[in-house]
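What follows is a set of notes on a single structure, which appears directly below.
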Amino acid sequence: MKIKNTYGGSYQDFIPLRKDEVGIYVCGLTVYDRIHIGHLRSFIPFDIIVRYMKFRGFKVTFVRNFTDIDDKIISRAREEGISPYDVASKYINLFREDIAHFELLTPDFEPKVTDHIADIIELIKKIINNGYAYVVDGDVYFHVPSFKDYGKLSGISTENMLAGARVEPGENKKNPLDFALWKAKKYEDEPSWKSPWGEGRPGWHIECSAMSMKYLGEEFDIHGGGQDLIFPHHENEIAQSRAATGKGFAKYWLHTGHLTLKGEKMSKSLGNVIDVPQLLKKFHPEVIKFSLAKYHYRSPVEFSDDNMKKDEKALINFYYTLEFESEKAKITEDQIEKMRDDSRVKELLNSFCSFMDDDFNSPSAFSLVFSAFEEVRKSNSKDELIRFLSFLKRIYEAIGLFGKVPLISQKSFIEEEVIRRCKEYGISYDEVCKLVEKREELRRQKKFQEADEIRKKLLNVGIYLQDTIFGAKKIPYSE
RNA sequence: GGCGACGUAGCCAAGCGGUCUAAGGCGGGGGAUUGCAAAUCCCUUAUUCCCGGGUUCAAAUCCCGGCGUCGCCUCCA
């Protein structure tokens, strides 16, 4: 398995520190607002990566944190007139609600900063004792010039960093690049904890060092997050952690490409965010997952409804045809299960894995799924179709995608999408079914004009009626 | 200004020195099927990979220069 490591920038063979075990820490959220599609751009690829590593037989420990104390949370609390604690728990709950639609794996640990203050204080003590940090008026700063490898992850030289560095008023840094490990309490309404340096709270960065090392050890395999975290967040984490332990910290650094909207990065500061409820009004979660995962995880993604619709179309065609052909061939779950160890299935799976092993090349892996399906249809063979379904079932087990057909998961993408459209357009599913029946009757009476009227009507709610040997099929349709 | 990434068909997007007369998806064109049908099926749609040099027996893939786009350098997935 090969991985492109941001640290050093090269493709490397993935060799876990402990045989067959993988520790992975993904930077989660600062919980001061609802998540948006940009977060999904990171969480979805990491979900696929974690699932895939499990599928490949690694015993994976997956950690994703909540940063629940921070400047932004405090200012949000002031805005909303509630406590910072309430802000954090509110957005953690909303996060869980939003993310639930996507069937992502729940991390083995979801640590919160406020539950780990003692660990953070211990870590800061070590850093100070090792001579990498200093105390000024209750603040503790990490002294960047004392850490010689600073800048190695982001590839920025400290001289160039100095050019853009700022010192906020009231900060007493020895060097503009120094960053806070601990912040002294300044305002009454600010949550704080007792520490050897006085009342205060952790700075940003230190929490991830403390929590990742607590759950995964002082050295672990993978640390990931969005590209924007490379500097300063991850750079600082490396400095702190190594300063504290003298050990290497994370071995592989993985970063997901950003999502842009009309050529601009989507971010809260630009105000061009699309949140999950907005997204789900228009698209099925599987479409969102597929659409975000069909780009390589490191690539930037230009998000637009148009791009999304293309991917939606691809999935509709794929799932509809698959369901229809399976029905026609009268395939059973049992038959699919029996093909599990078939040599052709293994062959397909090997090809799939060889793409995924190459730095998680999901676009190529997905293209294999489509081309394999095309071959099956060309062969016109029931056995080939069973093999393909068996292959697909394994893919679903591996990465949680492509499994929304009844024979594989008891779920039907097509049916779910039809129902979703009913909701979107405010028509009940029952009514749609009644209209379909009515049209069948009209067709039997050869009243084609009236029958076509019904088809037209349903087309307005995004449902196309396709007449087949099994009667009229409802297919989601968008122009 | 510094650092990084990228520029492949009408659009999206793989490709990491030969198997590339370039995967896959969407779209387009022609035909089959159909009461009709945008679904399905069959055929078709880049001799070419931003531009100009170079390295090599061999380059979309490596190097140099140019043009363009995006990201980071401040909070950010």
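Residue numbers begin at 1 in each chain, while the letters A, B, ... track the order of the sequences. Model, not experiment: these values are computed from the prediction.
A ring-centre distance under 6.0 Å is found for A:Phe66 and A:Phe95. If you look at A:Tyr215 and A:His116, their ring centroids are closer than 6.0 Å. The distance between the ring centers of A:Phe470 and A:Phe324 falls below 6.0 angstrom. Annotation: A:Phe249 is in aromatic contact with A:Phe220 [ring centroid separation under 6.0 Å]. In this structure, A:His234 has its ring center no closer than 6.0 Å to that of A:His205. Taking the six-membered ring wherever Trp is involved, the centroid distance between the rings of A:His223 and A:Tyr252 does not fall below 6.0 Å. Taking the centre of each ring, A:Phe373 and A:Phe318 come in below the 6.0 Å mark.
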Please tabulate, one pair per line, each protein N/O and nucleotide N/O from nucleotides 30-32 of chain B that are separated by under 3.5 Å, including the distance.
none

Short N/O separations, protein against nucleotides 18-23 of chain B, under 3.5 angstrom:
from	atom 1	to	atom 2	distance (Å)
B:A23	N3	A:Ser367	OG	3.1

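A donor atom on one side chain and an acceptor atom on the other are found under 3.5 Å apart for A:Asp139 and A:Tyr141. A side-chain N or O of A:Asp178 and one of A:His143 form a donor-acceptor pair less than 3.5 Å apart. Residues A:Asp68 and A:Tyr85 have side chains that never bring a donor and an acceptor to within less than 3.5 angstrom of each other.
For B:C64 and B:C12, the P atoms lie 28 Å apart once the distance is rounded to whole Å. Remark: the separation of the C1' atoms in B:U8 and B:U21 is 16 Å, to the nearest Å. The gap from the C1' atom of B:A59 to that of B:U47 amounts to 15 Å, rounded to the nearest Å. Straight-line distance between the C1' atoms of B:U48 and B:C42: roughly 27 Å, to the nearest whole Å. Distance noted for atom C1' between B:C70 and B:G27: 26 Å (whole Å). B:G65 and B:U74 have their C1' atoms separated by 34 Å, with the value rounded to a whole Å. If you take atom C1' in B:C26 and the same atom in B:G17, they sit 32 Å apart, rounded to whole Å. On the P atoms, B:C51 is 28 Å away from B:U44, given to the nearest whole Å.
Atom-to-atom, CD1 of A:Ile454 to P of B:A37 comes out at 19 Å; the value is rounded to the nearest Å. Atom C1' of nucleotide B:C3 and atom NZ of A:Lys152 are separated by 17 Å, given to the nearest angstrom. Between A:His205 atom NE2 and B:C75 atom P the separation is 7 Å, expressed in whole Å. Distance NZ (A:Lys446) to C1' (B:C36): 12 Å, rounded to an integer number of Å. The distance from atom CG of A:Asp33 to atom C1' of B:C75 is 12 Å, rounded to the nearest whole Å. Distance, A:Ile288 CD1 to B:C12 P: 21 Å, rounded to whole Å. In this entry the distance linking CH2 of A:Trp253 with P of B:C72 reads 19 Å, nearest Å. Protein atom NE2 of A:His258 is 15 Å distant from nucleotide atom P of B:C70, rounded to whole Å.
Here A:Gly151 lies out of heavy-atom contact (under 4.0 Å) with every strand. Residue A:Tyr11 is classed as a base contact, given a heavy-atom separation below 4.0 Å to a base. A:Thr468 comes within 4.0 angstrom of no nucleic acid atom, judged by non-hydrogen atoms across all strands. At a threshold of 4.0 angstrom between heavy atoms, the contacts of A:Arg439 include nucleobase atoms, whether or not backbone atoms are also involved. Among the protein residues, A:Leu259 comes within range of the nucleic acid bases, having at least one heavy atom under 4.0 Å from a base atom. Using a 4.0 Å heavy-atom cutoff across all strands shown, A:His296 reaches sugar-phosphate atoms only and no base atom. Note on A:Ile230: nothing from the nucleic acid sits closer than 4.0 angstrom, heavy atoms only.
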In a table with atom names and distances, give each donor-acceptor pair under 3.5 Å that connects a side chain of residues 104-113 of chain A to protein atoms at least two apart or in another chain.
from	atom 1	to	atom 2	distance (Å)
A:Asp108	OD2	A:Phe62	N	2.7
A:Glu110	OE1	A:Arg96	NH1	2.8
A:Glu110	OE2	A:Arg96	NH1	3.4

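Pair assignment for B:G10 gives B:C26, based on Watson-Crick or G-U wobble hydrogen-bonding distances that are each under 3.5 Å. Remark: B:A38 base-pairs with no nucleotide in the shown strands. Criterion, Watson-Crick or G-U wobble with two distances under 3.5 Å. Pair check for B:C16 finds none; no Watson-Crick or G-U wobble contact set falls under 3.5 Å. Nucleotide B:G1: paired with B:C73 (Watson-Crick or G-U wobble, both distances less than 3.5 Å).
Lacking a ring centre under 5.5 Å from that of the base six-membered ring together with a plane angle below 30°, A:Phe370 does not count as stacked on B:G24.
Partners of A:Lys411 under the side chain to side chain contact (heavy atoms under 4.5 Å, CB included) rule, at least two apart in sequence or in another chain, are A:Glu103, A:Tyr396, A:Lys404, A:Ser409, A:Glu416. Taking A:Glu325 as the reference, A:Thr321, A:Lys328, A:Leu385 meet the side chain to side chain contact (heavy atoms under 4.5 Å, CB included) condition, with sequence neighbours excluded. Scanning for side chain to side chain contact (heavy atoms under 4.5 Å, CB included) contacts around A:Ser379 gives A:Ser381, A:Glu384, with sequence neighbours left out.
For the salt bridge (Lys or Arg N to Asp or Glu O under 4.0 Å) condition, the pairs that include at least one residue of residues 27-37 of chain A, sequence neighbours left out, are A:Asp33-A:Arg76, A:Arg34-A:Glu97, A:Arg34-A:Asp98. Among residues at least two apart or in separate chains, side-chain hydrogen bond (donor to acceptor under 3.5 Å, both in side chains) pairs with a member in residues 37-46 of chain A are A:Ser42-A:Thr256.
Using a 4.0 Å cut-off on heavy atoms, the residues of residues 300-310 of chain A that approach RNA chain B are A:Asn307, A:Lys310, listed by number. Only at 4.0 angstrom or more do the heavy atoms of residues 85-104 of chain A sit from any atom of RNA chain B, so none qualifies. Listed in residue order, the members of residues 37-48 of chain A having a heavy atom less than 4.0 Å from RNA chain B are A:Gly38, A:His39, A:Arg41, A:Ser42.
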Base, backbone or nothing for each nucleotide of nucleotides 38-43 of chain B, written B, S, -, heavy atoms under 4.0 angstrom, 5' to 3'? BBSSSS

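In terms of heavy-atom proximity, A:Ser209 sits nearest to A:Glu237 at OG-O, 3.4 Å. Closest of all the heavy-atom pairs between A:Ser351 and A:Ser354 is O-OG, 2.8 Å. Between A:Phe413 and A:Glu323, the closest heavy-atom pair is N-OE2, 4.4 Å.
In this structure, A:Phe360 and A:Tyr297 have perpendicular ring planes: the angle between them is above 60°, well past the 30° mark.
For the pair A:Lys382 (side chain) and A:Ala329 (backbone), a donor-acceptor distance under 3.5 Å is present.
Taking the ring centre of A:Phe43 as origin, the terminal cationic atom of A:Arg64 falls inside the region bounded by 6.0 Å and 45° from the ring axis.
A:Asp452 contributes a side-chain N or O that forms a donor-acceptor pair with the base of B:G35 under 3.5 Å.
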